[in-house]
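All remarks here apply to the structure that follows.
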Amino acid sequence: MKRILLMVFKNILLVPVMWCKLCYYAGHVEKYTEQQIYKMLTFIVLRANKGGRVTIDVHGKENIPEKDGFMFFPNHQGMYDVLAIVEACSHPFSVVAKKEVENVQFLKQVFKCMKAYTMDRSDVRQAMKVITAVSKEVENGRNYLIFPEGTRSKNGNHVQEFKGGSFKAATKAKCPIIPVALIDSFKPFDTNSIEPVTVQVHFLKPMLYEEYKDMKTNEIAGEVKRRIEEVIEKNTSEQK
């Protein structure tokens, strides 16, 4: 909370204008291209990060495909995760989030701008509709992000189990799966500090359909988790 207040204070003259603009875009997404909306979101995130003393350290941007129609699968550390990836990635993308966050102010508006989906994990039929819709959109060239842990870790850089069902949309779309390792992404919003913080975003080598087509979704989940954990371990051990 302290860092959010700092972000607002440092951008006090800009906040009313950008809040109104964000809300307007969220209510009129049909008027703007995905690139225009993403440019606006990126501007807000950049200013917030600068004001909040957050630095994004990006690795592996060359691993992001030039052709759209791919899916990011990051570990989930906190409420800040999506904002870190927005600054790190120049390609517009959308999100599949849990239903519980759809009414959180600011995230609500951001997700509307992104035309994001929220998934009710207790409703199997609704979840399957979301998976089918996302897979079709990815096939048509949209990019998506799903957190395969389902919920944030709440345990720093420790990674929870990845759920195989999170990868069903990717396997249906036969798209590139891009593991994303987030390090210290819990620190901006999930710690009561305003000390300068650096969040690492590592885009790992994509898993192409040819690589995972004979794997079950739980096997894909295990492999993506293994790759992410390997990067986190390597980079956190270097900090010690």
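Thr217 OG1 to Lys172 NZ: the interatomic distance, rounded to the nearest 0.5 Å, is 12.0 Å. The CG atom of Asn75 sits 8.0 Å away from atom CD1 of Ile183, with the distance rounded to the nearest 0.5 Å. Separating the CD atom in Glu211 from the CD1 atom in Ile220 is a distance of 9.5 Å, to the nearest 0.5 Å. To the nearest 0.5 Å, atoms OH (Tyr80) and CG (Leu182) are separated by 10.5 Å. Distance check, rounded to the nearest 0.5 Å: CG of Leu145 to CG of Asp81 gives 8.5 Å. For the atom pair CD1 of Ile228 and CD of Glu233, the computed distance is 14.5 Å after rounding to the nearest 0.5 Å.
Ser153 places no side-chain N or O within 3.5 Å of a backbone atom of Gln160 that could act as its donor or acceptor partner. A distance-only check finds a donor-acceptor pair linking the side chain of Asn157 to the backbone of Asp184 [under 3.5 Å]. Judged purely by atom type and a 3.5 angstrom limit, Arg3 has no side-chain atom pairing as donor or acceptor with the backbone of Asn192. Lys163 places a side-chain N or O within 3.5 Å of a backbone atom of Glu149 that can act as its donor or acceptor partner. With hydrogens and angles disregarded, no donor-acceptor distance shorter than 3.5 Å links the side chain of Glu229 to the backbone of Arg226. No donor-acceptor distance shorter than 3.5 angstrom exists from the side chain of Ser185 to the backbone of Gln77, with no hydrogens or angles considered. Formation of a donor-acceptor pair under 3.5 Å by the Gln109 side chain with backbone atoms of Leu22 is not found in this model.
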- [ ] Kindly indicate, with the supporting measurements, whether the criterion salt bridge (charged side-chain N to carboxylate O under 4.0 Å, His left out) is fulfilled by Asp190 and Lys154.
- [x] CA-CA 8 Å; Asp190 292 67; Lys154 297 183 182 179; over 6 Å; no
- [ ] Determine, stepwise, if the pair Phe111 / Tyr117 fulfils ring-ring contact (aromatic ring centres under 6.0 Å, His included).
- [x] CA-CA 8 Å; Phe111 287 165; Tyr117 286 96; over 10 Å; no
- [ ] Please report the C-alpha distance between Met114 and Leu41 in whole Å, then the side-chain angles of each, then the deciding distance to 0.1 Å, and finally whether the side-chain contact (heavy atoms from CB on, under 4.5 Å) criterion is met.
- [x] CA-CA 9 Å; Met114 288 181 155; Leu41 292 175; 4.0 Å; yes
TODO: Would you please test Lys10 and Lys50 for side-chain contact (heavy atoms from CB on, under 4.5 Å) and show each step?
DONE: CA-CA 9 Å; Lys10 290 287 189 178; Lys50 184 177 181 180; over 6 Å; no
TODO: Please step through side-chain contact (heavy atoms from CB on, under 4.5 Å) for the pair Phe43 and Leu14, ending with a clear verdict.
DONE: CA-CA 11 Å; Phe43 176 79; Leu14 186 65; 3.9 Å; yes
- [ ] Check the pair Phe72, Tyr144 against ring-ring contact (aromatic ring centres under 6.0 Å, His included), reporting the backbone distance first and the verdict last.
- [x] CA-CA 6 Å; Phe72 290 129; Tyr144 267 86; over 10 Å; no
- [ ] Take Ser135 and Lys168 through the test side-chain contact (heavy atoms from CB on, under 4.5 Å) and record every step on the way to the result.
- [x] CA-CA 8 Å; Ser135 66; Lys168 287 182 179 179; over 6 Å; no
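Taken together through direct or relayed side-chain contacts under 4.5 Å among Ile, Leu, Val, Met, Phe, Trp and Tyr, Val15 and Met18 form parts of separate hydrophobic clusters. Residues Val54 and Phe106 share a single hydrophobic cluster, defined by chaining ILVMFWY side chains whose heavy atoms lie under 4.5 Å apart. Hydrophobic clustering (side-chain heavy atoms under 4.5 Å, transitive across Ile, Leu, Val, Met, Phe, Trp, Tyr) keeps Val8 apart from Leu6. There is a path of hydrophobic side-chain contacts, each under 4.5 Å, that joins Ile44 to Ile4. A continuous path of ILVMFWY side-chain contacts below 4.5 Å connects Val58 to Val45, so both sit in one hydrophobic cluster.
Ion pairing between a basic and an acidic side chain is recognised when a charged N comes within 4.0 Å of a carboxylate O; Glu161 and Lys225 show such pairing. A salt bridge does not link Arg227 to Glu230: none of the charged nitrogens lies less than 4.0 Å from a carboxylate oxygen. Checked for salt-bridge contact, Glu30 and Lys112 miss the test: no charged N lies under 4.0 Å from a carboxylate O. Remark: Lys99 does not engage Asp123 in a salt bridge, criterion side-chain N to carboxylate O under 4.0 Å.
Between Tyr209 and Tyr212, the ring planes lie perpendicular to each other; the angle is over 60°, past the 30° to 60° tilted range. Aromatic ring pairs are classed by plane angle as parallel below 30°, tilted from 30° to 60° and perpendicular above 60°; the pair His76 and Phe147 is parallel. Using bins of under 30°, 30° to 60° and over 60° for the plane-to-plane angle, the ring pair Tyr25/Tyr32 lands in the parallel bin.
The shortest side-chain heavy-atom distance between Cys113 and Met40 falls under the 4.5 Å cut-off. Residues Lys39 and Gln36 have side chains not in contact (no heavy-atom distance under 4.5 Å, counting atoms from C-beta outward). Annotation: side chain of Met207 is in contact with side chain of Met215 (closest heavy-atom distance under 4.5 Å). Within the 4.5 Å cutoff, the side chain of Leu204 has no heavy atoms near those of the Val180 side chain. Phe93 is listed as a side-chain neighbour of Ile85, based on a closest heavy-atom distance under 4.5 Å. Within the 4.5 Å cutoff, the side chain of Tyr38 has heavy atoms near those of the Val86 side chain. Looking at Ile56 and Asn49, their side chains come closer than 4.5 Å, going by heavy atoms from C-beta outward. Within the 4.5 Å cutoff, no side-chain heavy atoms of Ile37 are placed close to those of Pro92.
Ring centroid separation for the pair Phe73 and Phe167 comes in under the 6.0 Å cut-off.
Nearest heavy atoms, Val199 versus Ala84: CG1-CB, 4.1 Å. Closest heavy-atom contact between Asp120 and Gln126: N-OE1, 2.8 Å. Of all non-hydrogen atoms in Pro16 and Leu13, the two that sit nearest each other are CD-O, 3.7 Å.
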Using residues 64-71 as the side-chain source, report each donor-acceptor pair under 3.5 Å to any protein atom, sequence neighbours left out, with the distance given to one decimal.
unit_1 : atom_1 : unit_2 : atom_2 : d
Asp68  : OD1    : His91  : ND1    : 2.8
Asp68  : OD1    : Asn143 : ND2    : 2.9

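Remark: Asp57 pairs with His59, Thr198, Gln200 by the side chain to side chain contact (heavy atoms under 4.5 Å, CB included) rule, at least two apart or across chains.
Residue pairs meeting the salt bridge (Lys or Arg N to Asp or Glu O under 4.0 Å) criterion with at least one partner in residues 125-143, sequence neighbours excluded, are Glu34-Arg142, Glu137-Arg142.
A side-chain donor from one of Lys98 and Thr151 sits under 3.5 Å from a side-chain acceptor of the other.
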